[in-house]
Structures are given as structure tokens and as C-alpha cells.
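In what follows, every heavy atom counts, from backbone to side chain, and hydrogens, waters and symmetry copies are set aside.
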Amino acid sequence: MTSTLKSGSSAHLQAGALRRFVATPSFFLLVIIFVLVIVLGSIKPAFFNGPFVIAPLLTGISIFTVVGLSQMVVLSIGHMNLAVGPMAAFGAMFMGLSYELWDLPLVLGLALGILAGAAMGALSGWLVARTGVNSFIVTLAMSFALIGLVPTVYSWLSAGSAFTVKPDGLDEIGRSSFSAICVNGACGSNAIPLIVIPALGVMLLIGYLYSHTRLGRELLMTGSNVDAAQLSGIPTGRRIVLVHSLSGALAALAGFLLAASTGSFTPGIGQEFMLQSFVGPILGGTLLAGGYVSVTGTLLGITLTLVIRKGLDLFGVGLETLNVLLGVILLIALSSDQIRLFFGRRRTRRPAQVDRTSPPPGPKLAQPSVPEEISA
Amino acid sequence: MSSTIALEANGLSKSFPGVKALDRVNLRLMSGETHALMGENGAGKSTLIKILTGVHRPDEGALSVAGSIADIHSPAAAMHAGIGVVHQERNVIRGFTVGENIVMSRMPRRGPRVDWPAVRREAKRCLALLDLELDPDTPMARLSSAQTQLVEIARGLYTETSILLLDEPTASISDNEADRLFRVVRRLTEQGTAVLFVSHKLEEVFAHCDTVSVLRDGRSVLESEPLSAHSRDEIVDVMVGRSLAALEVPERAVDRSRPPVLELSDVDTASGHRGVSLELRSGEILGLYGLVGAGRTELARAVLGLDRVTSGSVHVRGARVSIRSVRQALESYRIGYVTENRKEEGVFLAQSVTRNVAITVWSRLERMLGYVSTKSERALVQKYVTELDIRISGQRQLVGQLSGGNQQKVSLAKWLAAKTEILIIDEPTVGIDVRTKRSFYDLIWKLADDGLAILLISSDLAEMITLADRIAVMDRFAITGEVENSHDYDEMSQSIIRLIHGHAAVT
Ligand SMILES: Nc1ncnc2c1ncn2[C@@H]1O[C@H](COP(=O)(O)OP(=O)(O)OP(=O)(O)O)[C@@H](O)[C@H]1O
Ligand SMILES: [Mg+2]
């Protein structure tokens with residue numbers, strides 16, 4: 001999105017950027033979400049209820065976008081993190097501990113929890129870089145270990161398997177909306193929860209990382225071809241550790257946001273994260289193989305699944321059916337690399353004068369637009 | 001044997017987004033002839049071969065094989081029509097063995113099961129055609145770049161075909177090995193096979209081909225003419241589209257009194273080098289010549305810390321160093337290394353031209369908070385795109401969509417942009433066309449004149465004798481001698497070959 005706005009200097013440039021945006025999965029997602037919202041809203045006007053439908057929806061989108069980004073960063077180097085959920089639970093556990101047992105203020109507890117998540121990520125990253133074992137296996141093992149560890153700690157240290165002491169500010173972040181913020185008597189909308197602020201902050205940060213910094217570029221190059229990256233002077237081992245740590249930190253932050261929205265720190269935090277963490281980025285165009293990410297796409301991928309979920313919820317569809325549907329979405333998401341590739345190929349088979357300007361991929365190259373500008 | 005038309009292509013066109021790769025191209029291959037297909041990088045040679053083998057479909061045009069219209073819609077259809085091919089890009093499966101790779105197109109079977117003894121036998125037979133003593137059970141991943149290329153050729157010889165298309169098969173192998181290939185080619189053509197041969201090496205084209213076709217910017221500029229009717233200069237001029245001045249080797253004076261910037265003394269490595277000593281001064285071009293497998297690339301890897309130095313010492317600008325990574329070599333000692341395996345280690349196929357070139361300069365462009373401006377990045381890359389004449393439709397184009405030679409230029413440009421003080425270049429002109437080779441040579445001389453120390457690894461003896469100031473010869477992981485370069489081809493090639501064989505006689 002920013003890429004279309006920022007090059008305002010010349011109309012020509014803008015048109016080019018716009019055309020590229022139209023060719024991305026983000027654009028398709030945007031259209032689908034738009035249509036879906038209109039349809040849902042016109043059948044069930046209750047869908048547009050601010051405080052009871054829109055606000056919880058936005059809360060969910062905020063939390064799960066952070067979850068999606070936590071997966072996206074590891075996908076950028078062609079790895080995956082199957083332990084996003086357990087890492088979130090692990091981080092949240094430290095936060096709960098620091099508020100309940102150590103009486104720490106909000107920010108300190110948050111920092112401690114994020115560090116804990118990052119440490120777990122660093123451990124997976126280090127194991128992957130050190131042993132060369134596939135990240136799938138390492139994070140799977142990590143996931144098992146944490147799933148065992150976290151509830152054990154809760155049962156030792158908490159009463160009733162949850163930490164419920166809330167530091168000052170937790171409810172404001174997790175449960176209030178812009179209606180609580182008033183300037184000169186004019187208050188914000190009660191449909192927009194405050195929790196969107198940290199989520200937006202993270203999106204901007206990660207977007208900036210991948211589109212404007214050396215580090216982000218190095219990660220994408222590592223994802224494209226590790227050997228060539230190493231031979232071009234990128235310390236690939238350190239990058240692997242770093243990116244897994246970042247993933248752990250973001251997972252822990254997502255755990256915090258979830259706890260803030262529900263009001264307590266429980267061992268169940270993160271149980272729903274894993275599936276969503278893949279669906280968001282992949283629907284949004286991030287390549288499983290590494291080398292290309294999209295922050296906007298991740299947001300839109302998450303938004304689409306949550307809008308569908310909310311919509312079906314309004315129609316009274318049961319949880320099981322919902323899960324079946326989400327499974328179908330995941331299948332589509334996971335094969336969308338291939339589907340895009342298929343359409344990409346079809347396009348190159350036609351004579352090129354049809355479309356000379358946008359660069360569809362050659363055979364074996366998946367993304368339709370070059371990942372030069374990543375919308376943040 | 002009377003010559004008949006083996007394959008005929010009429011009016012083939014093929015467009016990719018932003019480029020017309022082929023524009024009404026004609027080609028006629030006669031049985032029993034060796035037909036050279038020439039043209040600059042990006043002229044459309046590989047695209048033509050891919051159309052003939054069913055990898056791409058043409059937008060228009062017709063094909064006939066042995067006189068009847070053929071619809072070659074897939075690689076399998078091409079095989080069925082008797083067309084064998086060795087593509088420019090390696091297509092081996094690194095996780096498989098040499099034998100499996102060679103017979104992959106048609107696995108020998110006994111009933112439903114693979115007939116392993118036959119796999120080995122067949123693979124051995126193909127390898128023997130090229131005098132290659134490789135065990136068919138060797139894992140592919142263990143082979144060097146040149147060995148991989150030879151296996152790729154052996155694979156093209158596996159099935160009997162009436163038409164054999166060879167896309168730059170000799171680009172990354174030495175003259176010796178190329179000669180073995182040409183012996184096989186001669187035998188095949190005597191039996192009536194039609195061979196289409198793509199190469200940027202004029203010497204071998206003139207020595208071994210009968211007919212020539214030239215493409216320029218996707219158009220046929222010379223259609224199936226006897227090669228004997230043309231001189232080398234004519235062919236080059238037709239390819240380039242204008243008259244190309246002869247290459248002038250400059251007078252170069254290297255100040256030998258200066259201390260070396262890179263000095264290896266008595267280095268042993270984990271990969272098997274014994275007692276290697278070399279000195280390289282700034283402004284000097286030191287050639288490291290040797291046969292394939294002599295251990296030249298491995299020596300470069302040891303200098304960069306990718307392989308271990310087990311004894312002896314490495315000095316950079318007088319200080320003893322122990323380098324552990326390319327990063328360290330680049331940032332602490334300003335040493336760069338252009339790898340010989342462009343597809344695997346040199347370029348990022350799924351990334352843009354900008355990023356592929358700019359990767360080594362991000363540390364220089366980096367501002368506060370790691371910010372790298374896309375604008376400065378592009379401006380810098382553009383300089384090298386122009387300097388090396390890299391043919392792209394735009395900097396956003398993915399490197400995987402460039403022609404082979406242009407990919408090679410991208411992998412070079414990255415290291416030229418890095419502004420190093422010591423540059424190790426491994427087989428830099430593999431697959432690069434005549435004109436670019438010249439501008440590349442000029443560039444190398446200019447860089448050396450500006451004080452860059454260059455260690456040049458090349459299997460192309462002519463190139464070595466043109467470029468280097470001094471040539472060290474390596475054989476079986478040891479330096480067997482060093483000679484001043486007199487730039488006289490006959491004299492130099494004699495003494496270099498003596499250095500290789502002299503050593504062979506001793507051991
Ligand atoms: N898959 C593709 N997508 C887009 N453009 C392509 C693709 N393949 C080739 N091209 C373009 O087609 C043109 C011809 O390429 P081709 O590979 O046939 O050149 P070539 O003559 O084999 O060159 P070289 O000597 O460098 O191997 C080039 O401009 C190249 O960038
Ligand atoms: Mg080619």
C-alpha cells in the first residue's frame with residue numbers, strides 16, 4: 001500500500017506501482033474481503049454492529065496478524081516455526097508470572113515475556129543453524145517440549161491454572177476502544193479497539209525491515225539461495241538465529257495481546273495459533289520456499305479468514321463446521337503457490353503483446369511481481 | 001552417406017514479456033553435419049533450442065523432423081522424435097548418483113524393477129565415451145562444476161538420437177575434455193547424426209563445425225551457411241552487427257618491488273593441498289591454471305575460510321590472518337570471490353537484478369537504522385548493467401529469466417560493485433560472448449591498473465595467456481611451477497603443458 005502512495009512524484013511511476021499491486025495476491029484478497037463484507041452486511045445488518053461485532057473482529061485480526069508475522073519472518077528465509085503457539089504460551093507464562101508473583105509493572109513483564117519467547121526462538125534457530133536439521137523437525141520438537149513444560153509450570157505456580165493478576169494498563173490495551181480516548185470532548189469510535197495500535201506498530205516495523213533495510217534484504221536473499229547468500233558475504237548462520245528469535249518474540253507478543261483481550265494468562269494461549277500463522281502469510285503471497293514476503297498480504301489473509309469465521313458465526317454455523325471450512329481454506333492457501341504458478345504459466349504461454357509491462361514469472365519462478373517494494 | 005534434412009524450422013517466433021526472444025527464425029540441420037549456432041548473450045540461442053526440444057512452445061512457425069511436420073509439444077515428444085539435448089543450465093539431480101542421472105530419461109528395467117547392474121553398465125558406457133573415469137555410484141553433489149557438465153553431456157549421449165542439440169557444452173570444461181567431446185561428435189556425425197552446437201569459443205567452432213547459423217537480437221542474420229566461406233572476423237562482425245576492433249593487449253608494468261597483498265606460504269588444506277605458496281601484488285593479475293580437478297577452486301575456498309587451512313600461513317597486506325567466512329574476507333580484508341557455479345552459488349534466480357548485484361554493497365549504502373535507499377541501490381546497479389552491457393528488460397526482472405551469459409554478468413557485477421582490493425575470479429567468462437569478453441578483459445586490466453590484485457582461475461588457456469601477468473600452474477593440489485607471461489600463445493602453452501606433464505612424470 002505504501003508503495004503506491006510514496007512515489008507520488010510522477011504519475012508514470014504511480015501507474016506502474018499500481019499495476020504491480022493489482023497483480024499481487026493482496027489485491028485479490030482485498031477484493032474478496034470487500035465483496036464478502038458487503039454481502040454479509042446486506043444479509044445480516046448486525047454484522048456492522050460496532051462494539052459487538054466489528055470491535056471483536058478487529059481485536060482478533062490484530063492478534064492473529066502478529067501471529068502471522070511471527071510465522072512470516074521465518075518463512076522469509078525458507079524455514080518454518082511450528083512452535084509459534086507454544087512459544088506464545090511460554091512468553092505469556094513469564095508475563096503472568098511476573099505480574100502475579102513478582103508484582104512487576106506492565107512494561108517490564110511484557111519485556112521479560114518477549115525475551116523469553118525470543119530465547120526459545122534463538123534456541124531453535126541455533127539448533128537449526130548448528131546441526132543443519134530442517135527447521136520443521138527442530139521446531140516440532142521444540143513445540144512438544146514447550147507443550148509439556150508450560151502447563152506443568154502453571155500447575156505448580158498458579159492457583160486454578162491461570163495467572164489472573166492484572167497490572168495497570170492491561171485492560172486498557174486489551175479491552176477498551178478508541179471511545180476511551182477523547183480530545184476536546186470528541187471521543188473515538190467504539191468499534192475500533194485500542195489493541196490495533198500495537199498490531200499496527202508491529203506491521204510497520206516488519207514492513208520497514210523487509211522493504212527498506214539491509215537486514216531485511218539479507219533475509220530474503222538467504223531465503224532465495226543460502227549457498228549464494230553465504231558466498232556473497234551474508235552471515236547466514238547468524239541470520240537464521242536472528243530470524244527465529246524474532247519469530248519467538250512476536251509469538252510472545254501475540255500471546256500477550258491475547259491474554260490482554262481475555263483478561264488472564266493461561267496455558268491454553270496459542271493453541272489456535274499454528275494453523276492461522278501459516279494461512280495468513282501464504283494467502284497473502286509469502287512464499288513457503290522463502291525469498292518473498294508480504295506484510296499487507298499477511299494482514300489481508302488473516303482478515304479474510306476471520307471475516308469468514310465471524311460471518312459464519314453470525315449465521316449460527318457450529319464450531320466443528322467452522323474448523324472444517326478453515327481446513328479447506330488452509331488447503332487452498334497451501335496450494336495457492338501452485339495455483340498462482342499455474343496461472344502465471346498460462347499467461348506466459350499467450351503471445352506477449354497482450355501484457356508487455358507487468359512481469360509474469362518464467363517457469364519455476366513463483367511470484368507474479370518482483371519483491372522490490374513490499375507494502376507495509 | 002548422402003545428406004538429408006534432419007530438422008527444419010521455419011519462421012519460429014517466441015516472445016517473453018518485454019522481449020521478443022525469437023523473431024521468424026529459420027534453421028536447417030542436415031544429417032551428418034556439425035552445425036554451429038552462434039550469437040551474443042541473449043540473442044535467442046537457448047530459446048531456439050528449448051523450442052526444438054519442447055520446453056517452450058513457439059508463438060508461430062513450423063517444425064519438421066526428417067521431412068515430416070512434427071509437433072514437439074513436450075520434452076518427451078522431442079525425445080520420441082529422436083532429438084537429444086544437453087541444455088545450457090545444469091539439470092542434474094544433486095541427491096542422485098552419477099549413474100542414475102545419466103540414465104534418468106529411460107531407466108533400464110527388469111520387469112517393474114530398476115535393473116541396477118544395467119544402470120551402472122549403461123552409465124559406464126556413456127562415461128567411457130568421454131574417457132571419464134567416474135564411478136557411476138558417486139553422488140552427484142560431490143562433483144565439481146566441470147565434472148557435472150561432463151555428466152550432463154554423457155546423459156545426452158545415453159539414448160541414440162538422430163539429432164543432438166548441444167547448448168554451450170564446453171563452456172565450463174577445459175580444452176582436453178572438450179576434445180574428447182568432439183571425438184564423440186565426429187563419430188556420431190559419421191554415423192549420420194545431425195549435431196547443433198552452441199559455443200562462444202570461436203576456435204572450437206572453426207575447428208569442428210561444418211555449417212553456421214547466427215542469431216542477432218532474435219533474428220537470423222546468417223542461415224545455415226558453410227563455415228569455410230567465412231573468416232572469424234566476419235562471423236564476429238555478423239554476431240555483433242558492426243565491425244569489432246581487434247583486441248589490444250596493453251603493456252602492463254607490475255611493480256614487483258612492492259610487498260605482496262596476498263601471500264600463501266606452504267599452505268596445506270583440509271581439501272588436500274600440499275605446500276602451496278603464492279604471492280599476489282596489488283595491480284597484478286596472477287593466473288592460476290590447471291586441469292579440471294587440479295584443486296584451484298578448492299584453494300580459493302580455503303583462502304576464504306570455507307575450507308580449512310591445516311598448516312602454513314596466509315598473509316594479507318603483511319599481517320597473518322585466519323579467515324573464517326566470506327563476510328570476514330569481504331569486510332575485514334576486502335577480498336572478493338566470484339564463484340564458478342553461477343546457478344548454485346552465484347546468483348539468486350528468484351530475485352531481481354537489483355538485489356543480485358547490490359547484495360555486496362548494502363553495507364556501504366546502509367544509513368541510520370539499517371536503511372538502504374532503493375534509489376541509490378538502483379543507480380549503483382545501473383552503472384554495472386551499462387558497463388557490462390547486461391541485457392535486461394528492467395532492473396526488476398528476475399535473474400532466472402535472463403540468458404545464461406547475462407546471468408554470468410550479474411554474478412560478476414556483484415563483485416565488481418563490491419570494490420574489493422583482492423579479487424579471486426573463478427572461470428569468469430563461462431558462457432560470455434566475444435564482445436563482452438573483450439570489454440570484460442578491458443575492465444580487468446583497468447581494475448588492475450587502479451591497484452586491484454586479481455587471482456584469475458580459468459580453464460581457458462587462451463584467456464589466461466591474454467589476461468595474466470604471471471601464470472602459476474596447479475596439478476593435483478600442488479603448485480608445479482610459475483611462469484612469466486610473454487603473451488605468446490605457442491610459447492606459453494608449451495611451457496604450461498610441460499609444467500603439468502613434467503609433474504605428472506615425476507609422481
Ligand atoms: N523464461 C524467460 N522469461 C523471460 N525472458 C526470457 C526467458 N527466457 C529467456 N528470456 C529472454 O529471452 C532472450 C533470449 O534468451 P536466450 O536464453 O535464448 O539467449 P542465448 O542466446 O541463449 O544467450 P546466452 O549466450 O547468454 O546463453 C533474453 O533476452 C532473455 O532475457
Ligand atoms: Mg543460452
Side-chain angles (χ1 to χ4, degrees), chain A residues 3 6-7 16 20 78 205 208-209 211-218 220-239 287 289-292 344 347-373, chain B residues 13-20 55-57 59-60 304 306 325-331 336-339 341-356 358-360 362-363 365-367 369-374 377-378 393-398 400-401 411 414-415 418:
Chain A
S3 63
K6 90 181 165 208
S7 47
R20 276 195 302 278
L205 216 68
Y208 176 79
L209 173 74
S211 54
H212 293 299
T213 71
R214 169 186 183 187
L215 181 63
R217 285 168 165 81
E218 291 189 348
L220 293 172
M221 297 309 258
T222 305
S224 274
N225 185 343
V226 187
D227 293 336
Q230 199 195 3
L231 281 172
S232 304
I234 293 176
T236 47
R238 267 188 273 155
R239 292 293 171 266
L287 294 178
Y292 179 75
R347 221 175 323 160
T348 55
R349 290 264 160 105
R350 267 188 267 132
Q353 49 269 34
V354 177
D355 180 5
R356 267 177 184 280
T357 35
S358 79
K364 297 206 191 103
L365 301 171
Q367 71 271 31
S369 70
V370 179
E372 205 78 337
E373 258 118 300
Chain B
S13 294
K14 174 77 190 172
S15 293
F16 293 109
V19 268
K20 188 135 196 175
V55 178
H56 291 318
R57 306 293 318 262
D59 298 336
E60 55 179 8
L304 292 162
L306 294 165
S325 69
V326 179
R327 170 80 140 208
Q328 195 191 9
L330 172 62
E331 296 197 338
Y337 172 58
V338 184
T339 159
N341 296 319
R342 97 176 143 241
K343 191 171 161 191
E344 291 82 19
E345 302 178 338
V347 294
F348 303 81
L349 293 173
Q351 296 286 350
S352 66
V353 172
T354 316
R355 291 210 171 142
N356 264 278
I359 184 166
T360 54
W362 287 331
S363 54
L365 298 180
E366 192 175 26
R367 297 283 167 267
L369 293 174
Y371 178 80
V372 172
S373 118
T374 313
E377 193 182 19
R378 286 172 161 265
S393 62
Q395 279 195 26
R396 278 172 200 282
Q397 193 172 12
L398 304 186
Q401 296 175 342
S411 118
K414 165 170 78 182
W415 284 107

Tell me, side chain or backbone of [X] under 4.5 Å from chain A's heavy atoms, or both, or neither?
{"X": "B/Glu366", "result": "side chain"}
{"X": "B/Ser411", "result": "neither"}
{"X": "B/Leu304", "result": "neither"}
{"X": "B/Glu331", "result": "side chain"}
{"X": "B/Val338", "result": "neither"}

Quiz prompt | With B/Ser393 via side chain to side chain contact (heavy atoms under 4.5 Å, CB included) - residues at least two apart | solution =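 Side chain to side chain contact (heavy atoms under 4.5 Å, CB included) list for B/Ser393, sorted by chain: B/Gln397.
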Can you name the nearest heavy-atom pair linking [X] to [Y], along with the distance?
{"X": "B/Lys343", "Y": "A/Asn225", "answer": "O-ND2, 3.8 Å"}
{"X": "B/Glu344", "Y": "A/Asp227", "answer": "O-CB, 3.9 Å"}
{"X": "B/Val326", "Y": "A/Ser232", "answer": "CG1-C, 4.3 Å"}
{"X": "B/Thr374", "Y": "A/Arg217", "answer": "OG1-NH2, 3.7 Å"}
{"X": "A/Ser224", "Y": "B/Phe348", "answer": "CB-CD2, 3.9 Å"}

inquiry  = Under a 4.5 Å cutoff for heavy-atom pairs, which residue among A/Val226, A/Leu215, A/Leu231, A/Leu209 has the most contacts with chain B?
reply    =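 Sorted descending by pairs with chain B, the first entry is A/Leu231.
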Checked A/Gly223, A/Gly216, A/Pro235 vs chain B; the most non-hydrogen pairs under 4.5 Å come from A/Pro235
Quick one: pull up [atom1] in [X] and [atom2] in [Y] and give me the separation to the nearest 0.5 Å.
{"X": "A/Arg238", "Y": "B/Arg327", "atom1": "CZ", "atom2": "CZ", "result": "6.0 Å"}
{"X": "B/Ile359", "Y": "A/Arg214", "atom1": "CD1", "atom2": "CZ", "result": "10.0 Å"}
{"X": "B/Ser325", "Y": "A/Ile234", "atom1": "OG", "atom2": "CD1", "result": "11.5 Å"}

query = So do the side chains of B/Leu306 and A/Gln230 get within less than 4.5 Å of each other, counting heavy atoms only?
reply =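 Contact flag for B/Leu306/A/Gln230 side chains = yes.
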Return yes if some donor-acceptor pair links the side-chain N/O of B/Gln351 with the main-chain N/O of A/Met221 below 3.5 Å, else return no.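 No; zero donor-acceptor contacts below 3.5 Å.
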Side chain to side chain donor-acceptor pair (under 3.5 Å) filter on B/Ser13, not counting sequence neighbours, yields B/Glu60
